[in-house]
Visitor: 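First, the structure itself, so that you have it in front of you.
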Amino acid sequence: MNERWKYAKKIDFLLLSVVFVLFCFGLIGISVAMKNPTAEDEIGFLQSLESFELRYVILALIWFLTGCVLTAVAAIINYRSLKTWIPYFYMVIMIALVAVYFLGTSAGGATSWFQLGPFKFQPSEFAKPILILALASALSSPRFEDGIRRWRDLFLLGAIIAPPFLLIMIQPDMGTAMVIAFITLFMVFASGISLKLVIPSAAVIGGGALVVWNFILNNAQKNRILVFLDPSLDPLGAGYHLNQSLIAVGSGKFFGKGIFGETTLSQLDYLPAKHTDFIFAVIVEAMGLVAGVAIILLFMLMLWRIIRIGLHSQDKIGKLICMGVAAMFAAHIFENIGMTMGITPITGIPLPFLSYGGSSMWTNLISIGLVTSVAIRRESDVFSDEKNKYHVASGPLDISLK
């Protein structure tokens with residue numbers, strides 16, 4: 001018991017606390033977004049409370065609490081033991097991505113969800129942590145001990161990433177595909193890559209971007225990018241989302257309109273996807289610039305803690321898992337907050353721990369669990385030789401703290 005308590009003390013409670021505070025901001029944003037508009041000069045405070053519709057708030061709580069169970073499970077399991085099971089995880093997610101193309105439900109122009117009664121399940125969300133594990137496993141093998149030095153090494157990594165990436169692109173889900181691309185690039189550089197491969201690889205990526213633009217992106221997706229460059233091209237169509245978001249963010253001023261106060265644009269349904277993609281604009285309109293800056297600082301603290309855990313890991317796979325998770329969160333944060341302020345194109349990816357959504361919440365909390373698994377074991381293993389350095393435990397039921 002004392003031994004387990006010693007390792008339990010290595011849990012990064014600051015990281016978990018930041019995640020909880022971010023979720024609380026999300027609950028406030030969801031409650032404000034789903035509040036019915038009221039004439040505040042005609043009703044009292046208690047009547048104003050009755051205007052809140054709590055269905056999505058309750059569901060968000062359910063996703064978070066069940067996700068915390070997944071966090072605990074992922075933290076208890078020895079992350080090194082997952083190496084044996086990664087091929088099976090990869091196979092399952094590939095089957096799911098193929099099946100959703102034929103059996104999935106369409107929304108927002110993409111066929112990305114399975115409908116399970118009143119609930120939706122998005123397999124592309126779970127593809128992200130699985131691909132992080134797959135890349136971390138590959139890049140920590142003896143083949144990549146000195147980093148990526150040969151073209152065939154890149155081809156091997158491409159063979160891992162390309163199938164799920166292309167399946168997600170044809171859904172089409174450009175936002176998730178962009179996140180996966182960023183995760184891959186970040187983990188490749190974190191692992192180490194020869195400079196002689198960087199420039200040719202950049203040329204290949206550029207050529208791939210042209211292929212994606214000409215043969216994969218549909219007109220609606222292209223229009224989003226063009227409108228990002230010039231919102232006046234389609235002010236009532238693709239540019240409408242951006243314009244309403246900018247108005248909402250600006251109208252919040254320094255301290256916001258208040259949670260119980262003045263009716264906001266989101267409550268009047270001027271702001272689209274208000275409890276999901278544009279939750280940051282809702283929070284800033286209600287709570288002001290102060291809340292927006294606080295959220296950004298919390299995200300920065302979260303990323304720093306994750307990267308710090310990775311840097312203190314005593315094995316390469318632990319380091320790369322943390323770097324992959326940090327890259328995933330960074331891509332979501334930058335893209336989501338950026339699109340609400342016109343800095344990045346509108347792609348429809350959620351803001352971690354704030355946006356409503358069961359699949360994204362579970363994915364994020366599982367990822368935090370993987371980081372926690374690395375944290376509590378980062379000083380518990382001392383490898384005496386190269387063979388032990390690449391030791392793989394027996395399987396995912398290995399829950400030892402060694």
Side-chain angles (χ1 to χ4, degrees), residues 7-19 22 67 70-83 85-86 89 125-141 144-145 147-148 157 160-161 179-193 298-334 352-353 362-383 389-393 396 401-402:
Y7 290 118
K9 290 194 296 184
K10 295 179 181 178
I11 295 174
D12 195 324
F13 289 103
L14 178 57
L15 171 62
L16 300 182
S17 299
V18 169
V19 168
L22 286 169
L70 298 177
T71 301
V73 171
I76 291 172
I77 294 173
N78 189 329
Y79 64 93
R80 299 183 191 99
S81 70
L82 293 174
K83 201 166 186 178
W85 291 80
I86 289 171
F89 296 154
E125 282 292 327
F126 296 95
K128 289 177 285 190
I130 290 175
L131 288 176
I132 289 172
L133 288 172
L135 284 173
S137 177
L139 290 170
S140 62
S141 66
F144 294 96
E145 181 180 359
I148 301 169
L157 297 178
I160 297 173
I161 294 299
V179 172
I180 290 175
F182 183 77
I183 291 171
T184 303
L185 290 174
F186 194 86
M187 293 182 70
V188 164
F189 278 96
S191 176
I193 182 172
L298 285 169
F299 275 130
M300 292 175 64
L301 177 57
M302 180 185 76
L303 293 175
W304 172 65
R305 298 303 294 183
I306 294 172
I307 292 173
R308 181 177 181 273
I309 291 170
L311 293 177
H312 283 80
S313 174
Q314 293 197 21
D315 58 359
K316 193 173 182 181
I317 188 172
K319 170 189 172 183
L320 289 172
I321 287 174
C322 292
M323 295 305 164
V325 171
M328 180 186 76
F329 285 137
H332 273 264
I333 295 163
F334 180 75
F353 307 110
W362 282 3
T363 297
N364 294 332
L365 289 172
I366 289 171
S367 300
I368 291 295
L370 292 174
V371 172
T372 303
S373 178
V374 176
I376 62 180
R377 296 172 177 85
R378 63 184 182 268
E379 297 174 0
S380 62
D381 290 277
V382 178
F383 301 101
K389 182 176 181 180
Y390 299 106
H391 169 71
V392 179
L401 288 169
K402 293 184 179 181

Visitor: Nearest 0.5 angstrom please: Phe189 CZ to Ile148 CD1, how far?
Guide: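 Result: 9.0 Å between the selected atoms.
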Visitor: Please check this pair: side chain of Thr71 against backbone of Gly67, looking for a donor-acceptor N/O pair closer than 3.5 Å.
Guide: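 Yes: the side chain of Thr71 pairs with the backbone of Gly67.
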Visitor: Can you find a heavy atom in the side chain of Asp12 that is under 4.5 Å from one in the side chain of Ile376?
Guide: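 No; the side chains remain at least 4.5 Å from each other.
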Visitor: Side chain to side chain contact (heavy atoms under 4.5 Å, CB included) between Asp315 and Arg377: does it pass, once the steps are laid out?
Guide: CA-CA 10 Å; Asp315 58 359; Arg377 296 172 177 85; over 6 Å; no
Visitor: Taking C-beta and beyond as the side chain, do Leu311 and Met323 meet within less than 4.5 Å on heavy atoms?
Guide: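 Side-chain contact under 4.5 Å: yes.
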Visitor: Between Lys10 and His312, is any side-chain donor less than 3.5 angstrom from a side-chain acceptor?
Guide: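 Short answer, no.
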Visitor: Could you tell me whether the side chain of Ser373 and the main chain of Gly369 form a donor-acceptor pair under 3.5 Å?
Guide: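 Checking the backbone N and O of Gly369 against the side chain of Ser373, no donor-acceptor pair under 3.5 Å is found.
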Visitor: Would you give the length of the straight line joining atom OG of Ser140 to atom CD1 of Ile321, rounded to the nearest 0.5 angstrom?
Guide: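 So the OG of Ser140 and the CD1 of Ile321 are separated by 8.0 Å.
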Visitor: How many angstroms lie between CD1 in Ile193 and CE in Met187, if you round to the nearest 0.5 Å?
Guide: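 Separation between the atoms: 13.5 Å.
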Visitor: Just how far is it from atom OH of Tyr79 to atom CD1 of Ile317, taken to the nearest 0.5 Å?
Guide: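 Separation between the atoms: 7.5 Å.
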Visitor: Is any side-chain heavy atom of Leu303 closer than 4.5 Å to one of Ile333?
Guide: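 A side-chain contact under 4.5 Å exists here.
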Visitor: Taking it one step at a time, do Leu15 and Met302 satisfy side chain to side chain contact (heavy atoms under 4.5 Å, CB included)?
Guide: CA-CA 6 Å; Leu15 171 62; Met302 180 185 76; 3.6 Å; yes
Visitor: Can you check whether Thr372 reaches Leu16 side chain to side chain, under 4.5 Å on heavy atoms?
Guide: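 Result yes, sub-4.5 Å side-chain heavy-atom pair found.
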Visitor: Cut-off 3.5 Å, side chains only: do Lys319 and Ser191 have a donor facing an acceptor?
Guide: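 No.
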Visitor: Heavy atoms, side chains only, cut-off 4.5 Å: are Leu320 and Leu135 in contact?
Guide: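 Result no, sub-4.5 Å side-chain heavy-atom pair not found.
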Visitor: Taking all atoms of both residues into account, what is the closest heavy-atom pair of Ala326 and Ile307, and its distance?
Guide: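 In terms of heavy atoms, the two residues are closest at CB-CG1, 3.8 Å.
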Visitor: When rounded to the nearest 0.5 angstrom, what distance separates CD1 in Ile309 from CH2 in Trp304?
Guide: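 Going from the CD1 atom of Ile309 to the CH2 atom of Trp304 covers 10.0 Å.
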Visitor: Considering only heavy atoms from C-beta outward, does the side chain of Leu365 approach that of Val19 to under 4.5 Å?
Guide: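 Leu365 vs Val19: side chains touch.
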Visitor: Does any non-hydrogen side-chain atom of Arg308 lie less than 4.5 Å from one of Cys322?
Guide: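 The answer is no, as the side chains (C-beta and beyond) never meet within the 4.5 Å cut-off.
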Visitor: Are Phe353 and Phe329 close enough that their ring centers fall under 6.0 Å?
Guide: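 Aromatic pair counts; centres sit under 6.0 Å.
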Visitor: Under the 3.5 angstrom rule, does the side chain of Ser141 hit a backbone N or O of Ala138 as a donor-acceptor pair?
Guide: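 Yes; at least one donor-acceptor contact below 3.5 Å.
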Visitor: Are the side chain of Ser137 and the backbone N or O of Leu133 linked by a donor-acceptor pair below 3.5 Å?
Guide: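 No, the answer is negative, given that no donor and acceptor are paired below the 3.5 Å cut-off.
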Visitor: From Phe182 CZ over to His332 NE2, what is the distance, rounded to the nearest 0.5 angstrom?
Guide: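 So the gap between those two atoms works out to 11.5 Å.
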Visitor: Is Lys83 reaching over with its side chain to a backbone N or O of Ala136, donor-acceptor style, under 3.5 angstrom?
Guide: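 Judged by distance alone, no pair lies under 3.5 Å.
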Visitor: Taking side chain as C-beta onward, heavy atoms only, is Leu139 less than 4.5 Å from Leu157?
Guide: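 Heavy-atom side-chain distance check passes, below 4.5 Å.
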